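On a predicted model such as this, the values are computed, not experimentally measured, just so you know. Lettering of chains follows the sequences in order, A, B, ..., and the numbering in each one begins at 1.
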Protein chains: 2
Amino acid sequence: MSTNKGKLSLKTAEIEKISHLDYFNIAVSVDCVIFGYEQNEFKVLLIESDLEEFKGKLSLLGDLVRPDEDLDSASYRILKERTGLDDVYLQQVHTFGAIQRHPSGRVITTAYYSLVNINHHQLKISDNQVHWHNVADIRAMAFDHKQILDTCHEMLRSHIMEHPVIFNLLPEKFSLRLLQDLYEAILGVQLDRRNFRKKISLKDWVQDLDEMETDVPHRPGKLYKAKAKMSNGTITGVI
Amino acid sequence: MSTNKGKLSLKTAEIEKISHLDYFNIAVSVDCVIFGYEQNEFKVLLIESDLEEFKGKLSLLGDLVRPDEDLDSASYRILKERTGLDDVYLQQVHTFGAIQRHPSGRVITTAYYSLVNINHHQLKISDNQVHWHNVADIRAMAFDHKQILDTCHEMLRSHIMEHPVIFNLLPEKFSLRLLQDLYEAILGVQLDRRNFRKKISLKDWVQDLDEMETDVPHRPGKLYKAKAKMSNGTITGVI
DNA sequence: GATTTAATGTGTTATTAGTACATATTTGTA
DNA sequence: TACAAATATGTACTAATAACACATTAAATC
């Protein structure tokens, strides 16, 4: 988690004060790996860490879980706070619980990835250091967040082959070229266009809109919309 | 988690005492779904809940995570305590964090499944109500443990198709018939013997031992051993 | 308006994986 | 020696995957 809110950050004094309570001195946080896609780049929403130990390092968006909220609700709250979006696809991935993973105290964190359409929200990011970063360019991060990011990226790779989750990253109308570019960006491989189209049409995930791209400096492609789309753990649109 | 050790169970008084500490009143537990296979039945190791609310109900083996142990270590500890086994296959599956999931207070739990060879250990179970139960027969359980069991079972189903984890449930030497029976028990389907053998031989997971079953009241089958075997997250035996 | 540029759109073949299905063989037992 | 109960094995059909090339469209440029 990133401790960007002063009142929630773990101070060593606080930890000492309560350390005699044997089983209530582990804090629980969630970290959201918020993926987006813009201008042909697969991106992730990150903040600069405000901890002295990780000065200048990038960190995931996270927060401590409140005693009166479900674990899943905590990740929705963070997403809502950071992106203004309500209805996003969120997927729990893994819980990281090494003793020394947080320098200020014992904090275990549950990682979620989420997929948002960058254009669908006016990011509530002007007030601090939250920015979209190209996933491929990210090297070191604060805490164990690089490992968390990699784990979520890997999980996403396997999900997009099986379930129609990728459409959460795209605008309502998209060309197959855009869809393929996105698959390639997430998977990190080049795909054959004909085989790709055949595979997509077999899966029956998209619907031809009988519309064309406009404002492209070449032959425009057909536009499609998602037919089946997975949001919040359930598939919609499939009979 | 199951609170079978008095000193670790959550008493309401304790919870109230510390509830003013905003972010240190969530307890963290792990629950182990310990699968085994014996006499043609796919089994899970369970204990009778000692909570009044769940009198007579079955519960997973779990415990609170200690402040000075890694999350993964906690699950190894439980496994060691309950089965006496050190070197078992353990896989984190999911973290369950609904507010009201534990009647005595706020406890989030991370579920692991593990695969053990029932014959490899003298169960340290004589001292309490721990027993192997046929997975197919289990109905209601304490807490949200039925849901946890189902989630782990489902995860195992997908893992055994992809990775050589199933051998952790079997004795050193086994017949293909036994292997197939186990696949069928876990997947809950019947498999065609010829296709099953073809698939297994394609995967190159087993090695012919040039030995035969003995003491069977019919034609004996060949014995095999695991060539590749997945333990503790890594494959061994594959080049 | 003819040419160039840069992309879209499409089909076939070869290979591999998956599915359905039947008969001969081996051992122990009656 | 016949029977019961299991093992061991191969082929044809279908579906999915992978490799691969050319005609078409619209905009931009000359």
Side-chain angles (χ1 to χ4, degrees), chain A residues 37 39-41 157-164 166 170-171 173-225 227-228 238, chain B residues 39-41 157-164 166 170-171 173-225 228 238:
Chain A
Y37 188 59
Q39 293 178 312
N40 247 35
E41 287 187 341
R157 279 197 185 105
S158 68
H159 285 172
I160 59 172
M161 307 308 290
E162 313 279 329
H163 307 290
I166 203 168
L170 291 171
K173 302 175 179 184
F174 52 85
S175 65
L176 290 184
R177 175 75 228 169
L178 186 64
L179 183 62
Q180 183 177 339
D181 282 345
L182 179 50
Y183 266 98
E184 290 177 344
I186 295 174
L187 296 173
V189 295
Q190 294 290 107
L191 301 172
D192 176 88
R193 189 173 45 196
R194 282 162 295 185
N195 292 339
F196 175 77
R197 282 160 187 249
K198 195 188 303 174
K199 193 159 184 173
I200 292 296
S201 73
L202 270 177
K203 290 202 191 287
D204 199 37
W205 287 348
V206 299
Q207 184 176 356
D208 189 337
L209 285 172
D210 270 319
E211 284 179 68
M212 290 294 179
E213 284 179 301
T214 51
D215 298 320
V216 286
H218 54 74
R219 173 178 177 180
K222 287 201 223 178
L223 290 175
Y224 294 78
K225 71 168 189 173
K227 205 165 158 184
V238 173
Chain B
Q39 294 178 312
N40 247 37
E41 287 188 342
R157 279 196 185 106
S158 68
H159 284 173
I160 59 173
M161 306 309 289
E162 312 279 328
H163 307 289
I166 203 169
L170 290 171
K173 302 175 180 185
F174 52 86
S175 65
L176 289 185
R177 177 74 229 169
L178 186 64
L179 182 62
Q180 182 177 341
D181 282 344
L182 179 49
Y183 266 98
E184 290 178 342
I186 295 174
L187 296 174
V189 296
Q190 294 289 106
L191 301 172
D192 176 88
R193 190 170 41 186
R194 282 161 294 185
N195 294 338
F196 175 76
R197 284 160 185 249
K198 194 193 303 177
K199 193 159 183 172
I200 291 296
S201 71
L202 270 177
K203 291 204 191 284
D204 199 36
W205 286 348
V206 300
Q207 185 176 353
D208 189 336
L209 284 172
D210 269 319
E211 284 180 68
M212 292 293 180
E213 285 179 302
T214 52
D215 298 320
V216 286
H218 53 74
R219 174 177 176 180
K222 285 200 223 180
L223 291 174
Y224 293 79
K225 69 167 189 173
V238 175

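- Taking atom CD on B/Glu211 and atom C1' on D/dT7, their separation rounds to 17 Å, with Å as the unit.
- Shown here for B/Met161 and B/Tyr183, the closest heavy-atom pair between the two residues is SD-CE2, 4.4 Å.
- Of all the heavy atoms in A/Gln180 and A/Asp192, the pair that sits closest is NE2-C, 4.1 Å.
- A distance of 15.0 Å separates NZ of A/Lys222 from NZ of A/Lys173, quoted to the nearest 0.5 Å.
- Taking every side-chain heavy atom of B/Asp192 into account, C/dC21 is the closest of C/dC21, C/dT8, C/dT27.
- Along DNA chain C, the nucleotide closest to B/Lys199 and the one closest to B/Arg194 are compared, and the more 5′ of them pairs with B/Lys199.
- Regarding A/Leu191, its CG atom lies at a distance of 12 Å from the C1' atom of D/dA18, rounded to whole Å.
- The residue A/Arg193 sits close to a base: some heavy atom pair falls under 4.0 Å.
- For A/Leu176 and D/dT25, the CG to P distance is 18 Å, given to the nearest whole Å.
- B/Arg177 places its CZ atom 21 Å from the P atom of C/dT25, with the value rounded to the nearest Å.
- Nearest-nucleotide positions on DNA chain D place A/Lys198 closer to the 5' end than the other of A/Arg219 and A/Lys198.
- Rounded to a whole Å, the CG atom of A/Asn195 is 15 Å from the P atom of C/dA14.
- The interatomic distance linking B/Phe196 (CZ) with D/dT7 (P) rounds to 12 Å, in whole Å.
- Between the CE atom of A/Met212 and the P atom of C/dA6 there is a distance of 21 Å, rounded to whole Å.
- Whole-Å rounding puts the A/Gln190 CD to D/dC20 C1' distance at 16 Å.
- The two residues B/Ile160 and B/Arg157 make their nearest non-hydrogen contact at CG1-O, 3.3 Å.
- Applying the 4.0 Å criterion to OP1 and OP2 of D/dA8, one finds that B/Arg197 has a side-chain N or O inside that range.
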